[in-house]
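These notes are about the structure you will find just below.
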Amino acid sequence: MITVTDLRKVYRQGKKEVVALDGVSLSVPKGSIHGIIGHSGAGKSTLVRCLTLLDRPTSGSVNIDGTELSSVRDSEIRAARRRIGMVFQHANLMDSRTAAGNVAHPMELVKAPKDKIRAKVAELLKLVGLEGFENAYPSQLSGGQRQRVGIARALASDPDVLLCDEPTSALDPATTDEILDLIQDLTRRLQLTVLIITHEMHVVKRVCGSVSLLSKGRVIESGPLAEVASDLDSKLARALLPLPASEPIKGALQAGPVLEILFSGDGAKEPVLTGVARHFDIDLNVLAGSVETLGGQQFGHLRVQLGDDADCDAVLGYLRSRGISVKLAGSIANEAELAEFAPADTDFAAETGDSK
Amino acid sequence: MNEIFSNPVLAKALPEAIVETLQMVGISAFFTVLIGLPLGVFLHVTVPGGLRPLPVVNRIVSDIVVNITRSIPFAILMVALIPLARLLVGTSLGPVAASVSLSIGTIPFFARLVEACLRDVHHGKIDAAQVMGSTRMQVISKVMLPESLPALVAAATTTVVTLVGYSAMAGLVGGGGLGKLAYNYGFQRFDVTVMIVTIVLIIVLVQLIQLTGEWISRSLDHR
């Protein structure tokens, strides 16, 4: 369990003060994975540095299982750090050490007995699926294998919390999924508390149980994945269930109100649209849609255009009475306006690229 | 070829000159690494934003010691340091005395190279080591030095090669060795054979040092 309360970090640049973190609060229960997503400059890197005590927060607290980290004395800082295992974007392995040597590194620091180190290294390498690679140097390993060594190394000090800073941003999509599945598997098996800092929505969708959106040093949205995805007005929902740009469809309805509909859970299984069409005897035109499974729940996000003659308020009421969130996104009078319905929010549309 | 073997100077003085040169280079290389390596580490970790920032001390050591010693031409430094050599080893003549000024001349040079090698260690590795709970000494001994070892060996090689050149100069002011032989006989007595033989020997020596250094550096590099 990690609890971050009102964390602030102010840097001084000459006479100017730069607020990098402006009151960040988070709480991640044991055994769960929390994603922190945000653009470059949102304060992700500063947050990582404050959590690992590479930088001291200006104010606020970081608490792991009841131990306050932010106020420990300098002499205790090293013991405090060992409670956090960290996985880096580029693994940051030592090139002069073999895979086994890298995993042994944190244990050497506290002068653990040699036979204990050897046994633990073998166990950890097996755990991350790198049996037989003990004597390989990082240069002989692939990016995914290097990240596996990095994860094994992070676990070597038996941490309570695993902090992953862009763990998959340097990997290809297939390897990304392998590493994410490994992190998820380890979280369950070792009952870790995991924080994943990322700019890739894919990471959040695949493994996170809850997510926070960081922007300008503040958490502007936060909650369990299924919860934030159900809120049609949240930025996270728009990023989790993005809709492509609407292209005018030949022969489609030329005018009428446009609705945005978000189904979740059981609502996603009911044939709601055909229900509307039958109930009101109107025509419907699906302009765009996306369907995802998030946090174990099915979600559907649709942009639908109603016929000109439809009673818009009645349709909205009908849908809301069935527990479906829906809103009027606008009205299209002609084909030209239809083309202007760009994706609702392209904030996280670009899922690739470097964050730094 | 016959001339080389029949040359009385070469037959009598060459073996001694070779030994003297090797002594000078060996002794001063030892002390250069012994003192230059910690000095380079100190310069690197005390910079602002370094592992243990000490901006004022760093400035003083960096500017006064390293830059000033490096800006004085070695020929002048060598002469200026004769009294120090006498103080430390009791004489101003011979290869041991010459090693004093040779070491002082190359320590700052090597320290700067060490500093540059350490600066090339990726910052993420230092972060990783710190997050693991390393002490500062552990960061230096388990990350900075091992990770830059191939570069450090290359830097030491360059330094020893420089020392061979300096040792030839040191020969002129009492150090002895191949430099003195070449100057006394080859230059002042116009003995071309002596001149050529010493030059060839110095080139061979430098080449051997270079090749050995490169080989060691390469075999240590796992990148």
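Just so it is clear, the structure is predicted and the values come from calculations on it, not from any experiment.
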Between CD of Glu147(B) and CG of Leu93(A), what distance do you get to the nearest 0.5 Å?
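Nearest 0.5 Å value for the CD-CG distance: 9.5 Å.
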
Kindly compute the distance separating CE (Met132(B)) from CE (Met107(A)), expressed to the nearest 0.5 Å.
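One finds 10.5 Å between CE of Met132(B) and CE of Met107(A).
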
Identify which of [options] forms the greatest number of heavy-atom pairs closer than 4.5 Å to chain B.
{"options": "Ala79(A), Ser96(A), Ala154(A)", "answer": "Ser96(A)"}
{"options": "Leu53(A), Asn92(A), Ile84(A), Val110(A)", "answer": "Asn92(A)"}
{"options": "Arg49(A), Arg97(A), His105(A)", "answer": "His105(A)"}

Other residues, nucleotides and ligands only: do more than 12 of their heavy atoms fall within 6.0 Å of [atom1] on [X]?
{"X": "Glu76(A)", "atom1": "CD", "value": "yes"}
{"X": "Arg59(B)", "atom1": "CZ", "value": "no"}
{"X": "Lys126(A)", "atom1": "NZ", "value": "no"}

So which part of Gln138(B) gets closer than 4.5 Å to some heavy atom of chain A, the side chain, the backbone, both or neither?
side chain

What part of Asp127(B) is in contact with chain A, defined as an atom under 4.5 angstrom from a non-hydrogen atom: side chain, backbone, both or neither?
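Looking at Asp127(B), backbone and side chain both touch chain A.
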
Where [X] and [Y] come nearest, the two heavy atoms and their spacing:
{"X": "Ala128(B)", "Y": "Arg153(A)", "answer": "CB-NH2, 3.6 Å"}
{"X": "His222(B)", "Y": "Asp95(A)", "answer": "CB-O, 3.3 Å"}
{"X": "Glu108(A)", "Y": "Lys142(B)", "answer": "OE1-NZ, 2.8 Å"}

Engaged part of Pro138(A) at the chain B interface, taking heavy atoms whose separation is under 4.5 Å
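The answer is neither part of Pro138(A).
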
Do Gln130(B) and Thr52(A) have side-chain heavy atoms sitting under 4.5 Å apart?
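Side-chain contact under 4.5 Å: no.
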
